[in-house]
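Working notes, structure below.
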Amino acid sequence: MKIMALNGFKDIVPSEVELWRKVENTGRDIFSRFNFSEIRMPILEKTELFARSIGEATDIVEKEMYTFVDKQITMRPEATASLLRAYIQHGLYVQKPVQRLFTIGPMFRHERPQKGRLRQFHQMDIEVLGTPNPRVDAELMAMGAMLLEELGIPVSLEMNSLGCPVCRPGFREILLTFIADRKNELCDDCNRRSTTNPLRVLDCKNPKCREQVEEAPSIQKHLCNDCDDHFASVQKGLDSLNVQYSLNKFMVRGLDYYTRTTFEFITSDLGAQAAVGAGGRYDGLVEKLGGPKVPGIGFALGMERLVLLLQQQEVKIDSAKVDLFVAGLGEKASEFAFSLAHTLRQNSLNIAMDYEGRSLKSQMKQANKLNARFVLIIGENELEQGHAVLKNMQTQEQQDIEIHSDNKEIASSLLLRCQ
RNA sequence: GUGGGUGUAGCUCAGCUGGUGGUAGCACCUGGUUGUGACCCAGGAGGUCGUGGGUUCAAGUCCCAUCACUCACCCCA
């Protein structure tokens, strides 16, 4: 029986890593343009951290976490809680009143895997701590849009406000009344949701529920003055940056901690997994985790989903080019090639060679497949006479190279010719 | 946790109403005169047909079970 990776856990093989690096490098580039600093946290945390931040009653905490029960530690199901824990633990709020942080790494949730959804998955997570300013909300969305645009991934941005502890409870009551009135029209799931998370009824996928919910009260019309002002300012900010978006009064969040602004970047090319990025404001969370009373906002991008989209678009990346393939013919020449290759590498050239004593034809084929720019052919006779042949694989030109001298001199002469 | 679909070479897949596993494509290796890649040609290697039962003279094919993968629901990035 072959040993295979766990269900929902995937290897990222070399041919895929190129795309992953593209996603990650583009992310890092954009984040630094917006003056974000990277932070890295451990993958294991105390279980309590997630229970407190994400919410005891959420599916994630109730049944999807990888927890070592005996030790009460858990592999993080998302990044925000860990990041805030680190932010509080190291007193980062003292060093800078507003912290702009990002982190990239794996998360773990024990869900049934499907397209764009794995048990170990990777996110780029961005958080701004310490400011309630609605411009930051707009700026974050604009940054996400910029990143996706530079990756060439078309998405739509949807936004909503979830209100705050002042106005949300009131809306919840209104919504509950609405749901109760249509109890018989709504699906079983929605009736269950009405007790667990009533807002969820708003984004049920069941067509019948959708129809019913069409006339549901809009939270956007039940915001308190502060939330309403904030919501308006965010929209003004987006407009001033020319970011396209639409308001979606049905969009809610699965995690308890969100307040006010909430948003998603949505694609239509990933089946059921429409959201490639999502986030929102969480003004009470830092305090709830034992930190100072500072507001925060953040979002996460699902890297698997981004990579899938790039794969679907058949985006190709140039693989790292080999500068020079050193082809040695016969034992003596191979030995010479072996040590010369090392010197060339010390001089920063990307060198490949054959180790199996294969024919020149075979070595040329390998060089070609590796996209080598040059091949240095070292034969037995030439080696004795102190020269070798340097072939430019593109132009097919060949020239004689002196190899009388020591490796260092050969290397510097090759460096010049391989520019 | 609940449903549907699919398991044949490293990958993508043919294989009809049961009758000897495909000259299939890609990839790989070796050749196509002396020491030169791409294109082309020839050859080669590579498989307990996911696994275990059952029906049958005979099972990749039919039945049952099981495992894996996959898509969707729930939930979520």
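We name chains A, B, ... by the order of the sequence lines, and we start the count at 1 in each one. Being a predicted model, the structure only gives us computed values, none of them experimental. Because only heavy atoms are used, hydrogens play no part in the values below, and waters and symmetry mates are left out as well, while side chains stay in.
- Looking at A:Q394, its side chain has no donor and acceptor atom pair within 3.5 Å of the base of B:A38.
- For the P atom pair drawn from B:G54 and B:G10, the interatomic distance equals 29 Å after rounding to whole Å.
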Name the pairs: protein N/O against N/O of nucleotides 30-32 of chain B, kept only if under 3.5 Å.
unit_1	atom_1	unit_2	atom_2	d
B:G32	N7	A:K361	NZ	3.1

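- Between the side chain of A:E111 and the base of B:G1, no donor-acceptor pair under 3.5 Å is found.
- Nearest heavy atom pair, residue A:N133 against residue A:R281, reads O-NH2, 3.6 Å.
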Please enumerate all protein N or O atoms sitting under 3.5 Å from an N or O of nucleotides 2-7 of chain B, with distances to 0.1 Å.
unit_1	atom_1	unit_2	atom_2	d
B:U2	O4	A:R112	NH1	2.9

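- Put simply, the side chain of A:Q398 and the base of B:U36 share a donor and an acceptor less than 3.5 Å apart.
- Separation of atoms CG (A:L129) and OH (A:Y87) is listed at 4.5 Å; rounding is to 0.5 Å.
- Listed here is the closest heavy atom pair of A:G8 and A:P113: CA-CG, 3.7 Å.
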Q) Given Watson-Crick or G-U pairs with both distances under 3.5 Å, what dot-bracket string fits RNA chain B, with | for other-strand pairs and [ ] for crossing? A) (((((((..((((.....[..).))).(((((.......))))).....(((((..]....))))))))))))....
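- Nucleotides B:U20 and B:U55 place their P atoms 22 Å apart, quoted to the nearest Å.
- For B:U70 and B:C16, the P atoms lie 27 Å apart once the distance is rounded to whole Å.
- Ring pair A:Y282/A:Y257 is perpendicular by interplanar angle, where above 60° counts as perpendicular and below 30° as parallel.
- In this structure, A:C418 and A:L324 approach most closely via the heavy-atom pair SG-CD1, 4.4 Å.
- Contact of the A:R33 side chain with the A:M143 side chain is not registered, since no non-hydrogen atoms from C-beta on lie closer than 4.5 Å.
- Side chains of A:F338 and A:M353 form a contact here, defined as non-hydrogen atoms less than 4.5 Å apart.
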